[in-house]
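Starting from 1, each residue takes its place in the sequence as its number.
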Amino acid sequence: MTPFVPLSVGLFLLSLASSETVDPSVEDLTNRNADFAARLYRAVSSRTDENVFLSVFTLSAGLSALLNVTSGQTQDQLLQGLSLTGLDPQTLPDLFQNLRTVVLQGSLAMNLKQGVAVLPSRGFQVSSSYLELVQTKFGGNAQTLAYTVPQEAMDTINRWAQDQTGDQVQELVTNLDPQTQLLLATTAYYQTRFSPSFNSSFTQDERFYVDRYHVVMVPMMFRADKYFLAYDRLVKVGVLKLPMADGAAMLVLLPDEDVDITTIEEEVTAEKIQAWIRQLKKTKLEVQLPRFLLERAYSLRNVLQALDITQVFQDDADISNMGGAKGPKLTQVNQKSVVSVDESSNDITTGGGVSVFSTLPPRLTINRPFIFIIYQQSTVSVLFMGRVIDPTKK
């Protein structure tokens, strides 16, 4: 196996020069979302040994949209669970709209396709004012469904997910309880476009060590260039930043060979990643990264309850009827997201893949399980979090 090269990289904090241009309220919401994203990721990853992929930004938007029709203990729990304690729920829609405007701009808005839907049962009214709020502030949709006819409701939800993601997400839901009162659905698709891009002509099959007993062959992309790297000697993890052409970037967390990935996951917090950022340095490096496609679907009710978001699922949940009267309890939260990581590039003239250096740089081969975080660079807003245990599996 290729020896680990000490690294260093950056995520959640902006450089001093750029942070001065960020609205403090947007930066605060970004940091709060990052904290929720890390806690959600740890809760999901601790429940499975498989690949993980979460669209944390869309889930934050969906739960925040729902928060606006809650009150009492239900609202307090949601605020705490989303790391939003101390914020005025009445101002949150405008804050989220400001964040979305900054994050989803330029080519990122084209590469990232996502959707949020608040879907109560047909017995509960959705007011025009709430529908407008969900649409304008959170980029989502709110409509009633006849859950008593499960197949019809599933077809409607799945068509919506296809429309939101350009047909990239199929079958967001595969079964529905006829007693469903309120469903929150989120979906997303993202096509990575690295800058500088990997050149497919340098891609070749290499070994990927799923564990000490299981080795698979995967298409391994290659590029020699200058990258931002960091290395945490206490945690024994390296961090590699791979920028993208649309203003996003991928952060790759690679444990040392003798370190289990679950040990690293326990350390992935907003604060810890901020500490890694302070070690940021640019260095010459040859990078090998496996090509992979992840398609992950989750029912997140139990996960959110593990984050102490429980009241919203109870019969006595303080949720208005989307228009003022007593409303439904939240029955389920469904998410399905897809990410494609390959050599794709927006720049058809890009033909590189190898930079010429006077001396050969060290090589970093991502050939064992790793964690990745995709974020928008100007605000450092976390969009996705995931891990790759086996790149040959979705």
Q: Test D35 against E271 for side-chain contact (heavy atoms from CB on, under 4.5 Å), laying out the working first.
A: CA-CA 8 Å; D35 182 72; E271 294 79 9; 4.3 Å; yes

Q: Using side-chain contact (heavy atoms from CB on, under 4.5 Å), reason through R301 and N334 one step at a time and then give a plain yes or no.
A: CA-CA 8 Å; R301 173 173 173 158; N334 287 86; over 6 Å; no

Q: Backbone N or O of E50 within a donor-acceptor pair of the R387 side chain at under 3.5 Å?
A: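 Flag set: sc R387 to bb E50 pair under 3.5 Å.
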
Q: Locate the shortest heavy-atom distance separating M244 from T192; write the atom from each residue and the value.
A: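 Scanning both residues, the minimum pair turns out to be CE-CG2, 3.9 Å.
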
Q: Less than 4.5 Å apart, side chain to side chain, heavy atoms only: is that true for Q305 and I309?
A: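 Not in contact.
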
Q: Between F292 and V169, is there a shared hydrophobic cluster once you connect ILVMFWY residues whose side-chain heavy atoms come closer than 4.5 Å?
A: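 No, separate clusters.
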
Q: For atom CD of Q314, is the number of surrounding heavy atoms from other residues, nucleotides or ligands below 6.0 Å larger than 12?
A: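 Correct, the count exceeds 12.
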
Q: Only one of I373, L108, L54 clears side-chain contact (heavy atoms from CB on, under 4.5 Å) with L383; which?
A: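 Per the side-chain contact (heavy atoms from CB on, under 4.5 Å) rule, the option paired with L383 is L108, out of I373, L108, L54.
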
Q: Any ion pair linking D163 and R159 (charged N to carboxylate O, less than 4.0 Å)?
A: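 No salt bridge links R159 with D163.
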
Q: Checking side-chain contact (heavy atoms from CB on, under 4.5 Å) for the pair I389/I261: CA distance, chi angles, key distance, verdict?
A: CA-CA 9 Å; I389 299 297; I261 194 169; 4.2 Å; yes

Q: Could you tell me the separation between the CG atom of D246 and the CD atom of Q377, rounded to the nearest 0.5 Å?
A: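 Rounded to the nearest 0.5 Å, the CG-CD separation comes to 9.0 Å.
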
Q: I need the S337 OG to Q114 CD distance, nearest 0.5 Å.
A: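 With rounding to 0.5 Å, OG (S337) is 9.0 Å from CD (Q114).
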
Q: With rounding to the nearest 0.5 Å, note down the distance linking OH in Y189 to CD in Q191.
A: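 CD of Q191 is found 4.0 Å from OH of Y189.
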
Q: For a quick test of reading the model, state the closest non-hydrogen atom pair linking F138 to P93 and the distance between them.
A: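 Shortest heavy-atom contact: CZ-CA, 3.7 Å.
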
Q: Any side-chain heavy-atom pair from L254 and V239 closer than 4.5 angstrom?
A: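 No, their side chains stay 4.5 Å or more apart.
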
Q: Consider only side-chain N and O atoms of Q73 and Q75, and report whether a donor and an acceptor are under 3.5 Å apart.
A: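 No, no side-chain donor-acceptor contact under 3.5 Å.
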
Q: Quick check: are there more than 12 heavy atoms from other residues, nucleotides or ligands sitting under 6.0 Å from CZ of R207?
A: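 Check fails, neighbour count at 12 or below.
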
Q: Do other residues, nucleotides or ligands put more than 12 heavy atoms under 6.0 Å from D88 CG?
A: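 It does: D88 CG has more than 12 such atoms within range.
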
Q: Distance check, rounded to the nearest 0.5 Å: D342 atom CG versus T203 atom OG1?
A: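 One gets 9.0 Å once the value is rounded to the nearest 0.5 Å.
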
Q: Any idea which heavy atoms bring L300 and Q332 closest together, and the distance?
A: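 Taking every non-hydrogen atom into account, N-OE1, 3.5 Å.
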
Q: Check the pair T30 / V103 against side-chain contact (heavy atoms from CB on, under 4.5 Å), numbers first and verdict last.
A: CA-CA 10 Å; T30 294; V103 171; 5.9 Å; no

Q: Should the pair E171-K336 be classified as a salt bridge under the 4.0 Å nitrogen-to-oxygen rule?
A: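 Salt bridge between E171 and K336, a charged N being under 4.0 Å from a carboxylate O: no.
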
Q: Does one side chain, of Q335 or T186, offer a donor that lies under 3.5 Å from an acceptor on the other?
A: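 Yes - a donor-acceptor pair under 3.5 Å links their side chains.
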
Q: To the nearest 0.5 angstrom, please state how far the OG atom of S64 sits from the CG atom of L99.
A: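 Spacing of OG (S64) from CG (L99) equals 10.0 Å.
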
Q: Check the surroundings of atom CD in Q170: do more than 12 heavy atoms from other residues, nucleotides or ligands lie under 6.0 Å from it?
A: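 Correct, the count exceeds 12.
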
Q: Hey, quick one: are L104 and M385 part of the same hydrophobic cluster, counting side-chain heavy atoms closer than 4.5 Å, chains of contacts allowed?
A: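 Linked within one cluster.
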
Q: Could you pull out the closest heavy-atom pair between I319 and P328, with the gap in Å?
A: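 Where I319 meets P328 most closely, the heavy atoms are CD1-O, 3.1 Å.
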
Q: With side-chain hydrogen bond (donor to acceptor under 3.5 Å, both in side chains) as the test, would you mind laying out the steps for Q151 and D155 before giving the verdict?
A: CA-CA 6 Å; Q151 188 61 53; D155 289 344; 2.9 Å; yes

Q: What about L63 and L131, same hydrophobic cluster or not, with Ile/Leu/Val/Met/Phe/Trp/Tyr joined at side-chain heavy-atom distances under 4.5 Å?
A: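 As far as the 4.5 Å side-chain criterion goes, L131 and L63 are connected within one cluster.
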
Q: Any ion pair linking D232 and K236 (charged N to carboxylate O, less than 4.0 Å)?
A: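 D232 and K236: not salt-bridged.
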
Q: Hey, does the side chain of T70 reach the backbone of L67 with a donor-acceptor pair shorter than 3.5 angstrom?
A: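 The answer is yes, because a donor-acceptor pair under 3.5 Å joins these two groups.
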
Q: Please work out whether the ring planes of F372 and F370 are parallel, tilted or perpendicular, with thresholds of 30° and 60°.
A: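 Judged by the thresholds at 30° and 60°, the geometry between F372 and F370 is tilted.
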
Q: For D315 and K329, what are the C-alpha separation, side-chain angles and deciding distance, and is it a salt bridge (charged side-chain N to carboxylate O under 4.0 Å, His left out)?
A: CA-CA 6 Å; D315 289 332; K329 68 176 180 180; 2.9 Å; yes

Q: Within 45 degrees of the ring normal and closer than 6.0 Å to the centroid, is that where the cationic atom of K137 sits relative to F96?
A: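 No, a cation-pi geometry is absent between K137 and F96.
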
Q: Hey, quick one: are F57 and V52 part of the same hydrophobic cluster, counting side-chain heavy atoms closer than 4.5 Å, chains of contacts allowed?
A: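 Cluster IDs for F57 and V52 match.
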
Q: Of the non-hydrogen atoms in A37 and V382, which two are nearest, and what is the gap between them?
A: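 In terms of heavy atoms, the two residues are closest at CB-CG1, 4.2 Å.
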
Q: Supply the atom-to-atom distance T365 OG1 to F222 CZ, rounded to the nearest 0.5 angstrom.
A: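 Going from OG1 on T365 over to CZ on F222, the span is 9.0 Å.
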
Q: State, yes or no, whether a side-chain contact exists between L285 and R363 at a heavy-atom distance under 4.5 Å.
A: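 A side-chain contact is absent here, since even the closest heavy-atom pair is not under 4.5 Å.
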
Q: Side-chain heavy atoms under 4.5 angstrom apart, residues restricted to Ile, Leu, Val, Met, Phe, Trp, Tyr: same cluster for Y298 and W160?
A: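 Y298 does not cluster with W160.
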
Q: Any donor-acceptor pair under 3.5 Å linking the side chain of T156 with the backbone of E152?
A: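 A pair under 3.5 Å: yes.
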
Q: Please check if any side-chain donor atom of T269 sits under 3.5 Å from a side-chain acceptor atom of R39, or the reverse.
A: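 R39 and T269 do not have a side-chain donor-acceptor pair below 3.5 Å.
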
Q: For the pair Q288 and E286, evaluate side-chain hydrogen bond (donor to acceptor under 3.5 Å, both in side chains) and give the outcome as yes or no after the intermediate values.
A: CA-CA 7 Å; Q288 286 187 293; E286 292 182 347; over 6 Å; no

Q: Donor-acceptor pair, S197 side chain versus F194 backbone, under 3.5 Å?
A: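 Not confirmed, S197 side chain does not pair with F194 backbone.
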
Q: Taking it one step at a time, do S71 and D318 satisfy side-chain hydrogen bond (donor to acceptor under 3.5 Å, both in side chains)?
A: CA-CA 5 Å; S71 59; D318 296 315; 4.8 Å; no

Q: Would a 4.5 Å heavy-atom cut-off, applied to side chains only, mark D390 and H214 as touching?
A: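 They are in side-chain contact.
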
Q: Test ring-ring contact (aromatic ring centres under 6.0 Å, His included) on F198 and F202 and set out the steps.
A: CA-CA 8 Å; F198 292 92; F202 294 99; over 10 Å; no

Q: Do the non-hydrogen side-chain atoms of L294 and N51 ever get within less than 4.5 Å of each other?
A: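 Yes. Closest side-chain heavy atoms under 4.5 Å.
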
Q: Check whether the side chains of N141 and Q164 place a donor and an acceptor atom closer than 3.5 Å, and report yes or no.
A: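 Result is no, nothing qualifies.
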
Q: Shortest non-hydrogen contact from L289 to L242?
A: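 Heavy atoms of L289 and L242 come nearest at CD2-CD1, 3.7 Å.
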
Q: Taking side chain as C-beta onward, heavy atoms only, is V312 less than 4.5 Å from Q77?
A: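 The answer is no, as the side chains (C-beta and beyond) never meet within the 4.5 Å cut-off.
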
Q: Is the shortest heavy-atom distance from the side chain of M217 to the side chain of F208 under 4.5 Å?
A: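 No, too far: nothing below the 4.5 Å cut-off.
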
Q: Taking the side chain as every heavy atom from C-beta outward, state whether T392 and V218 have any pair of such atoms under 4.5 Å apart.
A: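 Contact flag for T392/V218 side chains = yes.
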
Q: Step by step, work out the side-chain hydrogen bond (donor to acceptor under 3.5 Å, both in side chains) result for S378 and Q376.
A: CA-CA 6 Å; S378 67; Q376 196 264 358; 2.8 Å; yes

Q: Is it true that R291 and E343 have a side-chain N and a carboxylate O under 4.0 angstrom from each other?
A: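 Here R291 pairs with E343 in a salt bridge, since their nearest N and O are under 4.0 Å apart.
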
Q: Would the distance check show the side chain of R32 and the main-chain N or O of S83 forming a donor-acceptor pair, the cut-off being under 3.5 Å?
A: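 Confirmed, R32 side chain pairs with S83 backbone.
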
